[in-house]
Amino acid sequence: MTVPRVLFRCVARATVLVGLSGPVSATTFTIAIMLALPLSAAASPITIRSSSGPDAASILGIVDLFRADVSAGGANNGNTVGSLPNGRREINWDGGGALANATIFTSPMNTFNAGATTRGLVSTSSGTFEISGQPLPEFGDINATYPAIFQTFSAPRLFSPLGTNVMDANFFVAGTSTPASVFGFGAVFTDVDLPNTSSLEFFNLANVSLGTFFVPTFNNGLSFLGVTFTDAIGRVRITTGNAALGPNDGGATDVVALDDFIYSEPQAAVPEPASLTLLATGVVTILARARRRRCSRPA
């Protein structure tokens, strides 16, 4: 593990404070890092953008507001490799156009962090993934009734996990294997029927939940949910309905697909300021105890 320089500065300062000299042991430093992890998930969102309606035009205004929320004065950064100081990334799944075949991807799906589509997002799930397409668009290859209930926000393709209705969006510095965080993430859902079912759950860099937010409903329509935080977001868990694609939709069964993902520019993951303060406090405590033990030994 590469430890940021700021952590070494905290350790060095803590060593001076307690009057010790010489190198800090790896065990002591590991314990200090553990003490730096947040102890609670107390986090309040800055903004929650939520809308649903019969078509793309009905939610576009809210989607555009969220785009501004996460752009921080920048624009859509497309496939630029590396981290930019502001702007956003978007995934619309529409590569290949209307003639593209339905395509299956294994997990982890690195398609949007590699090759020509470096956007800093890797999808994972317990199953696989599909981007819809020919010969039966809107997942008609899975169930012939789906094209009648699923519509697109950006035509012509949709996205979904297969074999499960739960997936994770994980963030990286675009085009690299460096873990990253964002401060906001949103997604378009299609055919959300049941309330308090489809959701986004946000996790910080310590993998502690920042909260779960539910997607508004609109039968055979489109729904959008986007949330921004002051806390760094390391992962987003996306739940689509209450069943994986396959069965007919209706009654107690709510099958849901996904369209556009929109999120702030992924930035290399660094410790939160509060965590660094806790780290320094933890190091002082550990080294002070070590000093007392050394001083209490008989001459």
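- Hydrophobic clustering (ILVMFWY, side-chain heavy atoms < 4.5 Å, transitive): Phe261 and Ile59 are in distinct clusters.
- At least one donor-acceptor pair closer than 3.5 Å links the side chain of Tyr146 to the backbone N or O of Gly246.
- Taking the side chain as every heavy atom from C-beta outward, Thr228 and Val70 approach each other to under 4.5 Å.
- Counting heavy atoms from C-beta on, the side chains of Asn220 and Phe218 never come closer than 4.5 Å.
- The backbone N or O of Thr217 sits less than 3.5 Å from a side-chain atom of Ser52, completing a donor-acceptor pair.
- Ile238 pairs with exactly one of Val215, Leu258, Val256, Asp168 by the side-chain contact (heavy atoms from CB on, under 4.5 Å) rule, that one being Leu258.
- Ion pair Glu265/Arg88 not flagged as a salt bridge, since none of the NZ, NE, NH1 or NH2 atoms sits closer than 4.0 Å to an Asp/Glu carboxylate oxygen.
- For Arg119 and Phe112, the positive end is not near the middle of the six-membered ring at less than 6.0 Å and at most 45° from its axis.
- Looking only at atom types and distance, the side chain of Thr124 has a donor-acceptor partner in the side chain of Asn170 under 3.5 Å away.
- Checking side-chain atoms of Thr164 against main-chain N and O of Val166 turns up a donor-acceptor pair under 3.5 Å.
- Neither Val173 nor Leu205 shares a network with the other; the hydrophobic side chains, linked directly or stepwise wherever heavy atoms of I, L, V, M, F, W or Y lie under 4.5 Å apart, form separate groups for each.
- With values rounded to the nearest 0.5 angstrom, Asp141 atom CG is found 6.5 Å from Leu136 atom CG.
- Looking at Thr106 and Thr128, their side chains never bring a donor and an acceptor atom within 3.5 Å of each other.
- Note that CZ of Phe214 and OG1 of Thr197 are 7.5 Å apart. Values are rounded to the nearest 0.5 Å.
- Although no hydrogens or angles enter the test, the distance criterion places a donor-acceptor pair under 3.5 Å between the side chain of Thr103 and the main chain of Asn101.
- Side-chain N or O atoms of Thr118 include one that pairs as donor or acceptor with a backbone N or O of Asn79 at under 3.5 Å.
- The line from CG of Asp254 to CG of Asn219 is 8.5 Å long, rounded to the nearest 0.5 Å.
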| message | Could you go through Thr253 and Asn248, starting from their C-alpha distance and side-chain angles, then the distance that decides it, and tell me whether this counts as side-chain contact (heavy atoms from CB on, under 4.5 Å)? | response | CA-CA 8 Å; Thr253 301; Asn248 288 347; over 6 Å; no
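- Looking at every heavy atom in both residues, Pro135 comes nearest to Pro137 through O-CD, 3.7 Å.
- Without hydrogens or angle criteria, Asn77 side chain to Asn86 main chain gives a donor-acceptor distance under 3.5 Å.
- The hydrophobic cluster containing Val227 also contains Leu210, counting ILVMFWY residues as joined when their side-chain heavy atoms lie under 4.5 angstrom apart, directly or transitively.
- One N or O on the side chain of Ser83 and one on the backbone of Pro266 form a donor-acceptor pair closer than 3.5 Å.
- Here the closest heavy-atom approach between residue Ser223 and residue Pro216 is recorded as OG-O, 2.7 Å.
- Taking Glu130 as the reference, nothing meets the side-chain hydrogen bond (donor to acceptor under 3.5 Å, both in side chains) condition, with sequence neighbours excluded.
- Counting all heavy atoms, side chain and backbone alike, Phe150 lies closest to Val255 at CE2-O, 3.6 Å.
- Here the closest heavy-atom approach between residue Ala232 and residue Ser181 is recorded as CB-OG, 3.6 Å.
- A salt bridge is defined here as a Lys NZ or Arg NE, NH1 or NH2 lying under 4.0 Å from an Asp or Glu carboxylate O, and Arg157 with Asp94 fails to meet this definition.
- Partners of Glu138 by salt bridge (Lys or Arg N to Asp or Glu O under 4.0 Å), not counting sequence neighbours: none found.
- Interatomic distance, Leu245 CG to Thr240 OG1, rounded to the nearest 0.5 Å: 6.5 Å.
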| Where do Asn242 and Asn165 land on the side-chain hydrogen bond (donor to acceptor under 3.5 Å, both in side chains) test, with the steps shown first? | CA-CA 7 Å; Asn242 61 10; Asn165 66 317; over 6 Å; no
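- Between the side chain of Asp259 and the backbone N or O of Ser154, at least one donor-acceptor pair lies under 3.5 Å.
- Summarising the geometry of Gln151 relative to Ala56, their closest heavy-atom pair is OE1-N, 4.4 Å, with the distance given to 0.1 Å.
- Residues Thr239 and Ser198 have side chains not in contact (no heavy-atom distance under 4.5 Å, counting atoms from C-beta outward).
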| task | Apply the test side-chain hydrogen bond (donor to acceptor under 3.5 Å, both in side chains) to residues Glu201 and Ser209: give CA-CA distance (whole Å), side-chain angles for both, the deciding distance (0.1 Å), then the verdict. | result | CA-CA 7 Å; Glu201 183 176 8; Ser209 178; 2.9 Å; yes
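- At distances below 3.5 Å, at least one donor-acceptor pair connects side-chain atoms of Asn204 with backbone N or O atoms of Asn207.
- Put simply, Met109 and Val236 are part of the same group of oily side chains (I, L, V, M, F, W, Y) that touch within less than 4.5 Å, one to the next.
- A pairwise comparison of heavy atoms in Ala244 and Gly163 identifies CB-C, 3.8 Å as the closest pair.
- Screening Leu121, Val122, Thr176 against Asn113 for a side-chain contact (heavy atoms from CB on, under 4.5 Å) leaves a single residue, Val122.
- With rounding to the nearest 0.5 angstrom, the CG atom of Leu60 is 11.0 Å from the CG atom of Leu222.
- A heavy-atom distance below 4.5 Å is not found between the side chains of Phe153 and Asn92.
- Using a 3.5 Å distance cut-off with no hydrogens or angles, the side chains of Arg89 and Asn76 do not pair a donor with an acceptor.
- Taking hydrophobic clusters as Ile, Leu, Val, Met, Phe, Trp and Tyr residues chained together by side-chain heavy-atom distances below 4.5 Å, Ile233 shares a cluster with Ile48.
- One finds the CG atom of Leu84 at 12.0 Å from the OG atom of Ser264 (value rounded to the nearest 0.5 Å).
- Note on ring orientation: taking the six-membered ring where Trp is involved, the planes of Phe159 and Phe129 are parallel (angle under 30°, cut-offs 30° and 60°).
- Looking at Asp260, its side chain never comes within 3.5 Å of a backbone N or O of Val188 through a donor-acceptor pair.
- Here the side chains of Pro147 and Phe139 are not in contact, with every heavy-atom distance at 4.5 Å or above.
- In this structure, Phe189 has its ring center at least 6.0 angstrom away from the ring center of Phe224.
- No side-chain heavy atom of Thr178 sits less than 4.5 Å from a side-chain heavy atom of Phe172.
- Judged as a ring-ring contact (aromatic ring centres under 6.0 Å, His included), and not counting sequence neighbours, the contacts of Tyr263 are Phe171.
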